[in-house]
Amino acid sequence: MSQRLIPSPPTAGEGSPRDISSRKVKFGMNILDTRRKELQHEYDTLRAKQNQASKEIQELKKSGKDTSTIIAEMGKVASRLKEIQAERNEVEEKLKSSQLDIPNKRHPSVPVGKSSEDNRVERIFGKKPEFDFKPQDHVALGEKLGILDFERAAKIAGSRFAVYKGAAAKLERALINFMLDLHTQENGYTEILPPFMVNEKALIGTGQLPKFEEDMFKTTAGYYLISTAEIPLTNLFQNEILKEEELPISLVAYTPCFRAEAGSYGKDVKGLIRQHQFNKVELVKFSHPEKSYEALEKLTNDAEKVLQKLGLHYRVVTLCSGDIGFAAAKTYDLEVWLPGQNAFREISSCSNCEDFQARRAGIRFKPKAGGKPQFVHTLNGSGLAVGRTLIAILEQFQQKEGGIAIPKILQSYFGGDRIS
RNA sequence: GGAGGGGUGGCCGAGCGGUUGAAGGCGAUGGUCUUGAAAACCAUUGAGCCCCUAAAGGGUUCCGUGAGUUCGAAUCUCACCCCCUCCGCCA
């Protein structure tokens, strides 16, 4: 009944400059939490009394004595208990729901800022490809080569969908296989093929609900289409207590991802950049709290390796406080160079959520040395967004005569060295 | 969609409305024994909240979830969820 994973509210939203209201929320929560403790205490005391009386009644009955006095008294206790229970449920409900709306606290190394302008560039890999002709964007390239069809996609589905044909379809598949092989064979991840639909509880666990419901597609049966494999992967261990020696756990999964993209009207309307459905290979780690920042570096490097092996020019930025996601304590974005846009665009987002998701989803580990179970730290990152990788390949490796050179490492997967 | 069966601790599996956090078994951990191992034997073996503490300890909750009956519920009633079997339908 009172078995809830109620974290101590005072620290839940600490240091989140983007959410000024969180202080107010915290104040209210402290009051609620105090009340919860009072009620719990009275409840426990009365229950102790009740348990004691229960034994007495039993003995009185055995020896044939009168029990009406004590039973009448216990009747009062019972009704008071009901009152307490009702109020306690109410308080816990309020506490829980206000807590679910508070974003994660930010790591001290996260730069303070308002928008993506304020993100900090950490490093740049490779050089801008130079062209002795005017490079085209992937939409033009794809249509000219006859491998991407947006018009027919609109006919059968709508805007923000694409049909891949021939070489594009094959390239997408080659990329998925290449990424999965790299992460399972070289980077030590275990491959998972999860459900592409999940329930509400899973979405609360990773932080999509209750605040961001409008981003999700919901089925009439009540399931939600996943917006990222992070959701099924992270929730795999919800309400479990892992062994310390099992950590870290590293998982990789290919899944399609579905996003409603509500509120992004007018943004990236052309092309593959922002779709309702796209493919992604996702990395997720469950880490010991003391090692999670090491793990974040490792995970980011694992994702970078994909870009490096493909020979794609990219940079790494640390998201500022205004640009970082709800659940993350720190996030590195990998941004790939798109000559067609003359800009770096996000292709992977690698985050340490610390214990934010672990608390919501109830993912803990039992310390080897003994003591209470502790929350793990969860991390996730794209490794990589497949569609955007395909865009980068089309745009960075386009040739003067209009074809596309396939990176060496992909050639065996793709079954050829160029698209023409 | 129709009919039936079931949800108890890490697992299997008992459980009369009142010392049942829950018999028994398995597993795991520690110990005794042993040259070592096995066997045998002994002990330990869940989580949440609260109080107290140097440590220890104590109270309370949790037998799918929620509500109800009762002085008292794992045990009775209702609703919901999940799993299994059979039939139908379908990839």
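Below, chain A is the first sequence line, B the second, and so on; all start at residue 1. Small disclaimer: the values here were computed from a predicted structure and weren't measured.
- In the set B:G59, B:C50, B:G18, B:G59 carries the atom at the smallest distance from any side-chain atom of A:Asp44.
- Sorted by first and then second residue, the salt bridge (Lys or Arg N to Asp or Glu O under 4.0 Å) pairs involving residues 219-234 of chain A (not counting sequence neighbours) form an empty list.
- Between B:G6 and B:G57, the two P atoms lie 42 Å apart (nearest whole Å).
- Nucleotides B:G7 and B:G59 are separated by 31 Å at their P atoms, to the nearest Å.
- Checked by atom type and distance alone, the side chain of A:Arg259 pairs as donor or acceptor with a backbone atom of A:Ser227 at under 3.5 Å.
- Between A:Leu39 atom CG and B:U60 atom P there is a gap of 18 Å when expressed in whole angstrom units.
- One can place CZ of A:Arg88 at 17 Å from P of B:G48, the figure rounded to the nearest angstrom.
- A:Asp181 pairs by the salt bridge (Lys or Arg N to Asp or Glu O under 4.0 Å) definition with nothing, not counting sequence neighbours.
- Looking at residues two or more places apart in sequence or on another chain, you find a salt bridge (Lys or Arg N to Asp or Glu O under 4.0 Å) between A:Lys309 and A:Glu186.
- For B:G4 and B:G72, the P atoms lie 35 Å apart once the distance is rounded to whole Å.
- Nearest-nucleotide positions on RNA chain B for A:Gln58 and A:Thr45 put A:Gln58 closer to the 5' end.
- Pair check for B:C52 finds none; no Watson-Crick or G-U wobble contact set falls under 3.5 Å.
- Between A:Glu42 and A:Arg80 there is a salt bridge, since at least one side-chain N of the basic residue sits less than 4.0 Å from a carboxylate O of the acidic one.
- For the P atoms, the distance from B:A28 to B:C33 is 22 Å, rounded to whole Å.
- Taking 4.5 Å as the limit, some side-chain heavy atom of A:Leu39 sits within range of a side-chain heavy atom of A:Val91.
- Protein atom CG of A:Asn239 is 11 Å distant from nucleotide atom C1' of B:A47, rounded to whole Å.
- In this structure, B:A37 forms no base pair with any nucleotide, since neither Watson-Crick nor G-U wobble geometry is met with both distances under 3.5 Å.
- Pairing partner, B:A3: B:U85, with both Watson-Crick or wobble hydrogen-bond distances short of 3.5 Å.
- Comparing B:A22 with B:C62, their C1' atoms are spaced 12 Å from each other, to the whole Å.
- Separating the CD1 atom of A:Ile84 from the P atom of B:C50 is a distance of 16 Å, rounded to the nearest angstrom.
- Checking B:U77 for Watson-Crick or G-U wobble geometry (two distances, each under 3.5 Å) identifies B:A67 as its partner.
- Whole-Å rounding puts the A:Glu92 CD to B:C62 C1' distance at 13 Å.
- Nucleotide B:G21 is matched to nothing when pairs are restricted to Watson-Crick or G-U wobble geometry with both distances under 3.5 angstrom.
- With B:C50, B:A47, B:U60 as the choices, the nucleotide that has an atom nearest any side-chain atom of A:Lys366 turns out to be B:A47.
- Of the nucleotides present, B:C26 is the one that pairs with B:G10 by Watson-Crick or G-U wobble criteria, both distances under 3.5 Å.
- The NZ atom of A:Lys37 sits 16 Å away from the C1' atom of B:U60 (whole-angstrom rounding).
- Atom name P, nucleotides B:U35 and B:U29: the rounded distance is 23 Å, in whole Å.
- Note on residues 284-294 of chain A: no pairs pass salt bridge (Lys or Arg N to Asp or Glu O under 4.0 Å), not counting sequence neighbours.
- Remark: A:Asn89 is in phosphate contact with B:A67, judged by side-chain N or O atoms under 4.0 Å from OP1 or OP2.
- For the P atoms, the distance from B:U20 to B:A73 is 16 Å, rounded to whole Å.
- Atom name C1', nucleotides B:U61 and B:G21: the rounded distance is 11 Å, in whole Å.
- Remark: A:Glu122 pairs with A:Arg120, A:Val316, A:Thr318, A:Tyr332 by the side-chain contact (heavy atoms from CB on, under 4.5 Å) rule, at least two apart or across chains.
- The NZ-P distance, from A:Lys201 to B:C82, rounds to 11 Å in whole Å.
- Ring planes of A:Phe356 and A:Phe326: perpendicular class, angle over 60° (limits at 30 and 60°).
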Give me, pair by pair, the N or O atoms of the protein and of nucleotides 70-79 of chain B that are less than 3.5 Å apart, along with how far apart they are.
from: B:C71; atom 1: N4; to: A:Lys61; atom 2: NZ; distance (Å): 3.4

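- If you measure from atom NZ of A:Lys55 to atom P of B:G59, you get 9 Å, rounded to the nearest angstrom.
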